[in-house]
Chemist: 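Sending over a structure as structure tokens; questions will come in a sec.
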2 protein chains.
Amino acid sequence: MTDVDSKTYVVIMAGGAGTRFWPASRSKLPKQLLPLLGGDKSMLEHTVSRIAALTAPERVFVVTGESIGDATAAVLKDVPQANILREPIGRNTAPCVGWATWKILQRDPEARIVVLPSDQHIENHAAFVLCLQQALAAADSGYLTTLGILPTRPETGYGYIELGGSLEGSAASGARLGKRFVEKPSKVVAEQYLASGNYLWNAGMFFFRARVMQAAIQEHLPDLADGLDSLMRDESKLAEVFPTLPSISIDHGVMEKASRIAVVPGDFGWSDVGSFLSAWELAPKDAAQNSGEALFIDGSGNYVANFGSEKTIALIGVSDLVVVHTEDAILVVPRERSQDVKLAIEKIRAAGDPKRVL
Amino acid sequence: MTDVDSKTYVVIMAGGAGTRFWPASRSKLPKQLLPLLGGDKSMLEHTVSRIAALTAPERVFVVTGESIGDATAAVLKDVPQANILREPIGRNTAPCVGWATWKILQRDPEARIVVLPSDQHIENHAAFVLCLQQALAAADSGYLTTLGILPTRPETGYGYIELGGSLEGSAASGARLGKRFVEKPSKVVAEQYLASGNYLWNAGMFFFRARVMQAAIQEHLPDLADGLDSLMRDESKLAEVFPTLPSISIDHGVMEKASRIAVVPGDFGWSDVGSFLSAWELAPKDAAQNSGEALFIDGSGNYVANFGSEKTIALIGVSDLVVVHTEDAILVVPRERSQDVKLAIEKIRAAGDPKRVL
């Protein structure tokens with residue numbers, strides 16, 4: 001385990017509010033604030049716990065949306081309020097990473113930064129920490145570094161990173177040069193990537209010296225750099241400045257264009273927990289493979305999640321179902337059709353009642 | 001249609017609070033107060049609407065429990081408050097029928113009374129009203145009269161009435177003598193009953209002159225008669241007197257013992273709506289045989305009932321399920337296993353948490 005390092009800052013991107021977990025996973029119940037994998041802890045809390053070995057809570061920053069800022073702060077008691085950065089509007093990940101980088105540079109010009117999504121699951125904690133250490137070593141050598149997940153299937157839902165040669169220097173053991181970032185591929189291409197062994201999944205985890213990222217943003221996204229400079233001069237202008245920042249991902253805006261990119265291949269049981277099916281796979285289950293707080297009678301393989309008020313939820317004689325309760329909705333869908341929550345959203349939108357899915 | 005008849009009183013027994021419709025159908029949400037068959041109207045409201053042709057609302061009495069008295073009164077705007085009789089404790093149907101009879105006799109010694117359960121479904125309204133008229137004619141002739149439902153299956157869950165000979169007098173056309181009341185039979189016996197054509201289902205509907213019922217109670221349940229006499233002398237003593245009344249059904253206590261019993265065979269699409277399966281069968285359904293207010297996507301034959309706060313309920317890719325929501329519970333069960341809600345109740349009781357099923 002790495003000792004707590006006073007130069008290491010962690011930035012957790014916690015602004016998402018998608019619809020794959022409808023009826024949860026909306027503006028009020030975003031995925032990262034849900035205990036999707038059972039127990040009481042949200043995905044975000046698990047993420048923060050996971051990096052406890054890297055640095056102290058006062059050097060953890062969380063970038064989130066204004067509308068969920070209080071809810072986010074409420075679950076992170078140890079993180080200082082001032083470290084919860086509340087975007088008045090989502091502008092994709094480049095302004096998010098940039099804002100945190102500029103803020104941290106004010107505090108420590110020598111800082112190094114770990115950027116992590118807030119809503120991923122890591123099975124093998126020790127292997128993960130080892131990769132973080134390798135990635136930080138590469139970052140210390142001046143590389144914009146990312147973790148690449150060893151693919152286990154020809155996934156078409158993720159971006160990929162093509163591996164290049166080795167890095168110079170023993171400090172960067174485990175790291176490779178990043179040759180290029182590629183967008184979500186077709187099935188055929190994804191199969192080629194998988195077979196080649198040379199392409200890794202881009203999991204949105206980044207490691208860099210703050211100054212290196214600042215320079216890269218100044219070079220590749222000068223408008224963003226200017227906006228962040230003006231924001232730092234007067235943070236009370238956040239609501240005016242932030243919406244003017246270019247809305248672009250850090251991958252597109254910086255990583256694809258930068259010259260010194262490193263990749264640390266990782267194999268630590270990673271999942272982006274992309275659906276209720278995935279949540280069921282990862283959550284604790286009873287002997288009948290049921291997951292969640294419910295009365296399960298004569299049924300197996302069910303996933304029950306209650307994100308609303310306390311209720312007795314009884315499943316009798318049904319199997320392989322997802323049952324989700326929130327304050328304003330109930331979903332029942334076969335586990336294997338978890339992706340089809342989008343059909344409900346489409347139907348609600350088509351009925352002209354969009355507030356029910358926002 | 002019978003004209004509104006100033007001597008005709010209707011007594012609706014609305015005290016039930018069973019568990020066959022758990023998580024609804026408990027002390028706070030008894031079956032008769034639920035719109036089990038779709039729409040906004042509760043079973044009780046349908047029952048009251050159904051007898052509008054028989055008499056005026058000021059001659060409708062509803063006997064219910066103290067705990068659901070207000071909820072009952074709230075859905076029956078046209079029935080005078082004074083006609084809502086609130087039992088401080090359930091003592092089965094003999095005290096219920098007796099109390100209403102004594103009350104009505106105070107108002108009109110020549111009254112005739114129709115006693116109806118509050119939670120049944122009648123498909124053919126015209127045929128039903130015809131039977132009511134025939135039964136009232138028999139009651140006018142001095143008979144304690146009941147409707148007997150023509151059985152359609154060897155049901156073991158109901159009591160039966162064996163038919164006797166014809167009544168004398170043309171006023172009683174359609175009615176037959178009631179030979180005996182029999183308890184819920186075994187399957188073998190029920191099949192014999194069905195084959196014989198001589199046994200009808202006892203649906204708990206009674207017709208009598210108030211004085212005739214009073215005399216029968218005085219003869220067969222003298223303790224009940226005495227208790228009711230004392231209650232009428234001082235109705236403020238309800239909470240003391242009512243619990244001392246004998247707890248017995250009107251069937252056992254009076255009908256089985258009385259000598260002049262008449263039965264009107266009825267065939268009007270009767271159902272006691274005994275389970276969610278039965279409710280689904282009777283409720284309005286869409287083209288895919290789904291019933292209820294829900295988003296039904298790629299599924300058929302589902303029954304959704306929301307007795308709690310407003311919610312979007314989405315069923316995606318599931319069929320033949322019952323999904324019920326109340327303020328404190330959610331149930332998911334295959335339609336054909338509707339009876340198995342009792343398994344949930346048993347499990348909750350075994351877990352020592354009985355308040356969740358009361």
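First the proteins, then the strands, lettered A, B, ... as listed; each starts at 1. The model shown is predicted, which means the values in this text are computed figures rather than measured ones.
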Chemist: Parallel, tilted or perpendicular for B:His325 and A:His325, by the 30°/60° rule?
Modeler: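 Tilted, since the angle between the ring planes falls between 30° and 60°.
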Chemist: Are there residues of residues 330-338 of chain A whose heavy atoms fall under 4.5 Å of chain B's heavy atoms? If so, which?
Modeler: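 From residues 330-338 of chain A, the residues near chain B are A:Ile330, A:Leu331, A:Val332, A:Val333, A:Pro334, A:Arg337.
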Chemist: To the nearest 0.5 Å, tell me how far B:Met13 CE sits from B:Leu85 CG.
Modeler: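 Those atoms lie 13.0 Å apart.
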Chemist: Assess whether atom CD of B:Glu293 is packed by more than 12 heavy atoms of other residues, nucleotides or ligands within 6.0 Å.
Modeler: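 It does not: B:Glu293 CD has 12 such atoms or fewer within range.
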Chemist: Please report the shortest heavy-atom distance between B:Ser291 and B:Lys285, naming the atom on each side.
Modeler: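 Answer, listing the atom of B:Ser291 first, then B:Lys285: CB-CG, 3.8 Å.
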Chemist: With a cut-off of 6.0 Å (strictly less than), are more than 12 heavy atoms of other residues, nucleotides or ligands near NZ of B:Lys184?
Modeler: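 Result for NZ/B:Lys184: open.
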Chemist: Just give me the residue among B:Val304, B:Leu321, B:Ile316 that pairs up with chain A most often, heavy atom to heavy atom, under 4.5 Å.
Modeler: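 Between B:Val304, B:Leu321, B:Ile316, the count favours B:Ile316.
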Chemist: In terms of relative ring orientation, are B:Trp201 and B:Tyr158 parallel, tilted or perpendicular, with 30° and 60° separating the classes?
Modeler: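 Rings of B:Trp201 and B:Tyr158: perpendicular, as their planes differ by over 60°.
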